[in-house]
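Predicted model only: the values in this text are computed from it and were never measured. All chains are named by letter (A, B, ...) in the order of the sequence lines, taking the proteins before the strands, and each is independently numbered beginning at 1.
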Amino acid sequence: MYALIDCNNFYASCERLFRPDLINKPVVVLSNNDGCAIARSNEAKALGIKMGDPYFQIKSLCKRNGVHIFSSNYTLYGDISHRVMSIIEESWNEDALEIYSIDEAFLDLKTLPEEQINTFCTNLRAKILKDVGIPTSVGIGKTKTLAKLANHIAKKCLKIPVFDITGHEYWLKHIEVNDIWGVGRQLSKRLNRQGVKTAYDLAQLNTHIVRKQYNVLLMRSVMELNGCDCIGLDDYAPKQSIMSAKSFGSMQTELWALEQALSSYVARVCEKMRQQNSKASCIQVFVLSNRFRQDLPQYSNAVNYKLVHPTDDVRALTSIAKRCLKKIFREGIHYKKVGFGVLEMVDKAHQQLDLLHTVNEDLLQKSNKIMSMIDGINKRFGKRSVHLLAEGFNRHWKLRAELQSPAYTTEWLELPMVYAR
DNA sequence: TCTGGGGTCCTAGGACCC
DNA sequence: TCTGGGGTCCTAGGACCC
């Protein structure tokens with residue numbers, strides 16, 4: 001048996017933690033650049049605000065209805081997520097636990113007697129609510145897909161905190177096929193055309209035919225809906241790729257502005273890469289114009305670069321990235337986005353030696369020392385306390401975040417204040 | 001005016017080999 | 001006129017997830 005613990009309207013719930021005045025009020029959290037709605041409290045959902053709605057389209061609706069709007073504050077959400085996950089880790093064996101996303105975790109409960117499962121989940125949920133203040137929903141089922149589905153039913157249909165779908169499979173007939181984990185827009189369109197409308201319809205399909213006509217992923221979904229566990233928990237694995245790319249606050253046309261932004265993304269990626277003890281062996285730089293402005297010339301391009309010597313040194317990667325950018329930069333384009341990513345990495349400890357090129361050990365050690373100093377300083381004194389000059393200082397290209405809440409839990413200066421009367 | 005970011009996995013098709 | 005067959009590996013692109 002699996003349980004899926006999912007935080008309710010996670011980002012919106014985080015914003016409410018330190019703003020109890022917002023309980024029972026509509027709350028919306030916007031994506032980067034204050035672009036789209038990416039989290040809504042139940043009250044905001046009830047107003048008809050959809051996931052991904054562009055802010056400028058719902059702005060007046062929000063104003064009329066007194067919706068509280070926040071720019072996204074990932075520092076806060078990351079920290080709260082960590083607290084929620086710590087409680088789950090304390091309560092359940094780490095080998096039977098998968099932190100699936102910032103607000104979800106799967107538990108493999110097969111070692112727990114079936115009659116205790118419901119109580120265990122109910123108690124765990126209560127503990128998270130009491131200790132962190134984040135409401136969660138728990139779905140229970142024989143497979144991960146069924147646990148996901150049970151979670152959906154708990155949240156959207158029954159509006160109860162914990163639901164075990166085992167023995168209640170008739171629910172499948174009431175669930176649209178696109179609400180199944182792994183069935184997205186394209187697949188559900190195709191399935192619908194073939195008369196497969198509900199989760200039940202999908203579960204009835206012949207797995208071999210599904211494998212042939214669709215793909216192995218959908219076949220697995222069919223099997224999982226029938227209670228056959230074929231996905232299982234994912235082990236923790238270091239990331240295979242790390243990207244950083246953000247839309248500009250306003251469109252940019254100058255190379256130097258793109259270079260500054262790119263440099264800051266390189267720094268971000270390098271930091272993450274060093275955290276997981278990896279080194280880059282293939283990188284990518286890409287640029288995009290604004291696809292919503294068809295009146296302007298459209299352009300997008302990307303360049304990949306393989307490194308002879310894998311590295312995690314921000315200085316080396318910044319200079320390579322800038323060279324790559326120069327190759328694909330075109331004059332006269334209004335750029336909306338530039339991005340940097342590491343596509344292939346090697347483990348720092350098990351690095352392949354190169355037959356033809358020798359590594360200068362002195363330089364390598366020096367580089368390691370400098371990188372760990374940078375990481376140390378930034379960890380202690382805050383992000384970007386030290387950075388390359390290439391990132392620039394005024395950063396006028398940076399994204400909008402005009403409605404951001406304080407870093408309540410991660411910055412001494414932004415701690416919530418409590419006044420005694 | 002304004003439209004997110006960061007991932008994973010699979011598949012088809014091309015290049016190459018014998 | 002007519003031009004094999006079977007395999008591997010790599011890559012780009014698509015679909016999906018939160």
Considering only the C1' atoms, how many Å lie between B:dC17 and C:dG4, rounded to the nearest integer?
-> 14 Å
Just call it for A:Phe292: base, sugar-phosphate, or nothing, with non-hydrogen atoms closer than 4.0 Å on any strand.
-> base
Please work out if A:Ile99 contacts a base, only the sugar-phosphate, or nothing of the nucleic acid, heavy-atom cut-off 4.0 Å.
-> nothing
Look at all strands and tell whether A:Lys336 reaches a base, only sugar-phosphate, or nothing, counting heavy atoms closer than 4.0 Å.
-> sugar-phosphate
Residues A:Asp201 and A:Lys197 bridged, charged N to O under 4.0 Å | no
So, are A:Glu43 and A:Arg16 salt-bridged, with charged N and O less than 4.0 Å apart?
-> yes
First and last nucleotide of DNA chain C in contact with chain A, 5' to 3', at under 4.0 Å to a heavy atom: what are they?
-> C:dA15 to C:dC18
Residues A:Lys148 and A:Glu104 bridged, charged N to O under 4.0 Å = yes
Are the charged groups of A:Lys142 and A:Asp229 less than 4.0 angstrom apart, N to O?
-> no
Is A:Lys59 touching bases, backbone alone, or none of the nucleic acid, heavy atoms closer than 4.0 Å?
-> nothing
Touch check for A:Asn215, heavy atoms < 4.0 angstrom, all strands: base, sugar-phosphate only, or nothing?
-> sugar-phosphate
Is the shortest distance from a Lys or Arg side-chain nitrogen in A:Lys326 or A:Glu259 to a carboxylate oxygen in the other one below 4.0 Å?
-> yes
As its Watson-Crick or G-U partner within any shown strand, both distances under 3.5 Å, B:dA15 has C:dT8
Touch class at under 4.0 angstrom, heavy-atom based, for A:Leu187 against every strand present | sugar-phosphate
The answer to which of A:Ile38 and A:Lys239 contacts DNA chain B further toward the 5' end, by nearest nucleotide, is A:Ile38
Scan A:Glu104 against the nucleic acid and name what it touches under 4.0 Å (heavy atoms): base, sugar-phosphate only, or nothing.
-> sugar-phosphate
Carboxylate-amine/guanidinium contact A:Arg83 A:Asp79, below 4.0 Å | yes
How would you label the contact of A:Tyr100 with the nucleic acid (heavy atoms, under 4.0 Å): base, sugar-phosphate, or nothing?
-> sugar-phosphate
Indicate, with a heavy-atom threshold strictly under 4.0 Å, whether A:Ile102 touches base, sugar-phosphate, or nothing.
-> nothing
For A:Ser244, report the nucleic acid contact type (base, sugar-phosphate, nothing); a contact means any heavy atom under 4.0 Å.
-> sugar-phosphate
Scan A:Asp103 against the nucleic acid and name what it touches under 4.0 Å (heavy atoms): base, sugar-phosphate only, or nothing.
-> sugar-phosphate
Under 3.5 Å donor-acceptor, A:Asn215 side chain and A:Leu218 backbone | yes
